[in-house]
Amino acid sequence: MKQQPLAAAAAPVATATVTLTSYRFTPGPIYLAGGVPVRLILVNRAGKSHDFTAEKFFRSARILTGRAPNGKVSLEGGESKVIDLIPARGTYKVHCGQFGHTMLGMSSMIIVS
């Protein structure tokens, strides 16, 4: 019996790209599969700072690589960050914690089923 190379035998990594603009998250809502490893790619397409704040989501997930201190990922204008994690099932709120950005519509939901 022929063995597959280790790289070919590894499961592909699911990715979810979330774009931050003034004043929106795209897609919205964000759908993920519970218990399935995902590479969360956060891309700030705006020229100013935004953040991806989802305290309960990050607290309940198992973060494999990357950081979300206090449930928040800060991004300067044009910056991208990657977090590999295993999300827990549930519905979570996400918003931008920059002053006034939530009021301007920069909020959404993360739905993990």
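This structure is a prediction, so every number in the text was calculated from the model and none was measured.
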Closest non-hydrogen atom pair, [X] against [Y]:
X      : Y     : answer
Val112 : Pro87 : CG1-CB, 3.9 Å
Lys81  : Leu75 : N-CD2, 3.8 Å
Ile83  : Ala68 : CD1-CB, 4.2 Å
Val36  : Ile86 : N-CG2, 4.0 Å

Rounded to the nearest 0.5 Å, how far does [atom2] of [Y] lie from [atom1] of [X]?
X     : Y      : atom1 : atom2 : value
Phe52 : Ile110 : CZ    : CD1   : 4.0 Å
Glu76 : Lys48  : CD    : NZ    : 13.0 Å
Asn44 : Ser49  : CG    : OG    : 7.0 Å
Ser74 : Arg67  : OG    : CZ    : 10.5 Å
Leu20 : Leu42  : CG    : CG    : 6.5 Å

* To do: Look only at the side chain of Thr102 and the backbone of Cys96, and say whether a donor-acceptor pair between them is shorter than 3.5 Å.
  => yes
| request: Let me see the working for Ser60 and Tyr92 under side-chain hydrogen bond (donor to acceptor under 3.5 Å, both in side chains), right down to the final yes or no. | output: CA-CA 10 Å; Ser60 66; Tyr92 307 94; 3.0 Å; yes
Per side chain to side chain donor-acceptor pair (under 3.5 Å), His50 is matched among Arg45, Glu79, Gln98, His101 by His101
Side chains of [X] and [Y]: closer than 4.5 Å at any heavy-atom pair?
X     : Y     : answer
Val18 : Thr26 : no
Thr53 : Phe58 : no
Val43 : Thr17 : yes

Quick one: do Ile63 and Val73 end up in the same hydrophobic cluster if we chain Ile, Leu, Val, Met, Phe, Trp and Tyr together by side-chain heavy atoms under 4.5 Å apart?
-> yes
Item to complete: State plainly whether one hydrophobic cluster holds both Phe57 and Leu64, where clusters connect Ile, Leu, Val, Met, Phe, Trp and Tyr through side-chain heavy atoms under 4.5 angstrom apart.
Response: no
> Passes side chain to side chain contact (heavy atoms under 4.5 Å, CB included), Val94 versus Phe25? Steps please.
Replying inline: CA-CA 9 Å; Val94 59; Phe25 294 108; 4.3 Å; yes
Residues Met109, Thr91; criterion side chain to side chain contact (heavy atoms under 4.5 Å, CB included); working and verdict: CA-CA 7 Å; Met109 300 296 289; Thr91 301; 3.2 Å; yes
Does NZ belonging to Lys72 count more than 12 external heavy atoms closer than 6.0 Å?
-> no
Query raised in the report: Above 12 or not: heavy atoms from other molecules or residues under 6.0 Å from NZ of Lys93?
Result: no
Residue set satisfying side-chain contact (heavy atoms from CB on, under 4.5 Å) with Val82, at least two apart, ordered chain then number -> Arg39, Ile41, Asp84
